Engineer: 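A single structure is presented below for examination.
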There are 2 protein chains.
Amino acid sequence: MERDAVLASLLRRLDAVSKLDPADIAAIRALPIAVRHWEGGRAIVSDGERPSECCLIIEGFCIRSKTTEAGQRQILSIHIPGEIPDLQSLHLRRMDHDLVTLVPSTLGFISHASLRTLTHARPNVADALWRDTLIDAAIFREWIVNVGQRPAPARLVHIALELRTRLLSVRGGAELATFEFPLTQEQIGEALGITPVHANRIIRQLREDRIVDVSRGHVRVLDETRLAELAQFDDRYLHQDPVA
Amino acid sequence: MERDAVLASLLRRLDAVSKLDPADIAAIRALPIAVRHWEGGRAIVSDGERPSECCLIIEGFCIRSKTTEAGQRQILSIHIPGEIPDLQSLHLRRMDHDLVTLVPSTLGFISHASLRTLTHARPNVADALWRDTLIDAAIFREWIVNVGQRPAPARLVHIALELRTRLLSVRGGAELATFEFPLTQEQIGEALGITPVHANRIIRQLREDRIVDVSRGHVRVLDETRLAELAQFDDRYLHQDPVA
DNA sequence: ACCGGTTCCAAACAAAGGTTAAGGATGGCG
DNA sequence: CGCCATCCTTAACCTTTGTTTGGAACCGGT
């Protein structure tokens, strides 16, 4: 996906509620963006740093994660093209977590200075970006529920269905029976708050039960009905529909 | 605590970074606020609703929570006077969780309309409020780590220490050896992602070990050193210090 | 084709936490 | 004063998840 397509998917999301006018859209399109390529598994910004720019994902996948003193890592979110996973750094000087690529990725960097100028000049754009960070927070809330309340198999399929929904809203198109999910079993464990061994157990189980097949960086849905039943996934928290 | 003191603590937090000027502060003080009293254990806004105002806590305690289809409740955050726990509703039309009082509380309601007028007229204020919602999100991130990675006793003391830190930053004053923590053991379980029985087990254990005493709606610290060791609490994620 | 490093798979055992059930303390209220 | 409701407390037993460990499959680089 190249720059224009990504900007389009970003704009589609931002436009959702605040009704950007043509001048707002033009101003966003005019933002200076420095495109850089990144290897997989490499930090974009790390806990403790004070970045001076935000990162738009043009191509690839990223995660945000925190590491405890004891050395355990918790994955907080998974990010796809069209998203700006560290937009919060615009107002929170110091990073409180890491932002890391999962796979080789193309990133677009936008300076805080230019974003601040834009948001101060155009309250509509400020609202739209603000709203985007609020959806981010809504996803964190659901992630807390996931890790706190659901048994491990439900946790996994819930995350998978969330990612599928978000991929669909960017790429468009019909239901995806197969989609990218580029996490190793160890990373799946870190996302779900379980050990890699247990992650393997439940993946194996879900495969044996012919519900989903999670392997080689992909998810393949085998039984949509039982999957929905297990995941209890309700996409309302993604706030994709502006009127809803 | 009455209205002025609460506005003061709100302003202190908002002023942290964006450096509000006197006109900004006057504009915030001029916001029309409708003060109402609320019983304990009563919803202020519920999942699915479309509120038209935000709620400033003047006196009391509130929680935010989500309930799964299976009927399990997860507490997402605990809120204290000076905070606006549903500020996100300004840009996210529909609630994706509940906001509930824990104890009898005094609340100040501010209409979305007046907030929107304010933020559009004064970018500094918009930035300050935006930043406040970003700190909210940072707390969610740490909550994910808490529920996902820490064993139950560490989860409890981590939440307690977070609340103490936030109470201190509002009320001011020296280290608190005892502070309010108005959750029942069932609610503690809902916050930590464990059953009330297990909550009781770990509370008893922490008491026997002379680390903390959690009872009758209060936390009493018995051994500050071992508490810190157990909680691994690092307040950086609260972003209280603007320069840090 | 081989090698070293990941990643995945798997089994046996241990520990944390869930379930069920029931008695006891506490506190508001008639 | 006694009643009821809520909360706390505890125990016995069961399930899920963690731990440790080892081997198999896969993959990029030489």
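As the structure is a computational prediction, the values presented were derived from the model and not from experiment. Letters A, B, ... are given to chains in the order of the sequence lines, protein chains preceding strands, and every chain is numbered from 1.
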Engineer: Apply the salt bridge (charged side-chain N to carboxylate O under 4.0 Å, His left out) test between Glu83(A) and each candidate in Arg12(A), Arg64(A), Arg166(A); give the one that qualifies.
Structural biologist: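 Of Arg12(A), Arg64(A), Arg166(A), salt bridge (charged side-chain N to carboxylate O under 4.0 Å, His left out) with Glu83(A) is met by Arg166(A) alone.
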Engineer: Looking only at heavy atoms, which two atoms of Arg164(A) and Glu224(A) are closest? And how far apart?
Structural biologist: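 Answer, listing the atom of Arg164(A) first, then Glu224(A): NH2-OE2, 2.7 Å.
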Engineer: Measure from the side-chain N and O atoms of Asn146(A) to the backbone N and O of Arg155(A), and report whether any donor-acceptor pair falls under 3.5 Å.
Structural biologist: yes
Engineer: Starting at atom CD of Gln187(A), determine the distance to atom P of dC8(C), rounded to an integer number of angstrom.
Structural biologist: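 These atoms are roughly 9 Å apart.
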Engineer: Pick the nucleotide of DNA chain D nearest each of Val197(A) and Arg155(A); which residue has the one closer to the 5' end?
Structural biologist: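 So the residue in question is Arg155(A).
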Engineer: Please give, in whole Å, the distance from dG28(C) C1' to Glu39(B) CD?
Structural biologist: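 One finds 14 Å between C1' of dG28(C) and CD of Glu39(B), rounded.
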Engineer: Assess whether ring pair (Phe, Tyr, Trp, His ring centres under 6.0 Å) is satisfied between His158(B) and Phe233(B), documenting all intermediate values.
Structural biologist: CA-CA 6 Å; His158(B) 194 277; Phe233(B) 177 72; 5.2 Å; yes
Engineer: What is the distance from CG of Leu156(A) to C1' of dC8(C), rounded to the nearest Å?
Structural biologist: 15 Å
Engineer: Please classify the nucleic acid contact of Thr184(A) as base, sugar-phosphate, or nothing, using heavy-atom distances under 4.0 Å.
Structural biologist: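 Sugar-phosphate contact only.
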Engineer: For a quick check of understanding: with a heavy-atom distance under 4.0 Å over all strands, which category does Gly41(B) fall into, base, sugar-phosphate or nothing?
Structural biologist: nothing
Engineer: Rounded off to whole Å, could you give me the NE2-to-P distance for the His198(A) and dC9(C) pair?
Structural biologist: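 Rounding to the nearest Å, NE2 of His198(A) and P of dC9(C) are 15 Å apart.
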Engineer: Please determine whether a side-chain nitrogen or oxygen atom of Arg201(A) lies at a distance below 4.0 Å from atom OP1 or OP2 of dA12(C).
Structural biologist: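 No, Arg201(A) has no side-chain N/O under 4.0 Å of OP1/OP2 on dA12(C).
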Engineer: Using a strict heavy-atom distance below 4.0 Å, which residues from residues 209-220 of chain A are in contact with DNA chain C?
Structural biologist: none
Engineer: CD1 of Ile202(A) versus P of dA10(C): gap in Å, rounded?
Structural biologist: 14 Å
Engineer: From CG of Leu192(B) over to P of dG18(C), roughly how many Å is that when rounded to an integer?
Structural biologist: 10 Å
Engineer: Please assess Asp223(B) against Arg210(B) for the test side chain to side chain contact (heavy atoms under 4.5 Å, CB included), listing each intermediate value before the final yes or no.
Structural biologist: CA-CA 7 Å; Asp223(B) 187 329; Arg210(B) 315 240 73 223; 5.8 Å; no
Engineer: Compare side-chain N and O positions of Asn200(A) against OP1 and OP2 of dC8(C) and report whether any pair is under 4.0 Å apart.
Structural biologist: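 No, because none of the side-chain N or O atoms of Asn200(A) sits under 4.0 Å from OP1 or OP2 of dC8(C).
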Engineer: Return the value, rounded to whole Å, for the distance between atom CD of Gln205(A) and atom C1' of dC8(C).
Structural biologist: 17 Å
Engineer: Provide, to the nearest angstrom, the distance between the CZ atom belonging to Arg204(A) and the P atom belonging to dT7(C).
Structural biologist: 19 Å
Engineer: Which is true for Pro151(A) with a 4.0 Å heavy-atom rule: it touches a base, it touches only sugar-phosphate, or it touches nothing?
Structural biologist: sugar-phosphate
Engineer: May I ask you to decide whether Arg236(B) forms a salt bridge with Asp96(A), counting only side-chain N to carboxylate O separations under 4.0 Å?
Structural biologist: no
Engineer: Using the ring of Tyr237(A) (Phe, Tyr or Trp, six-membered ring only), decide whether Arg141(A) places NZ or CZ under 6.0 Å from its centre and within 45 degrees of its axis.
Structural biologist: no
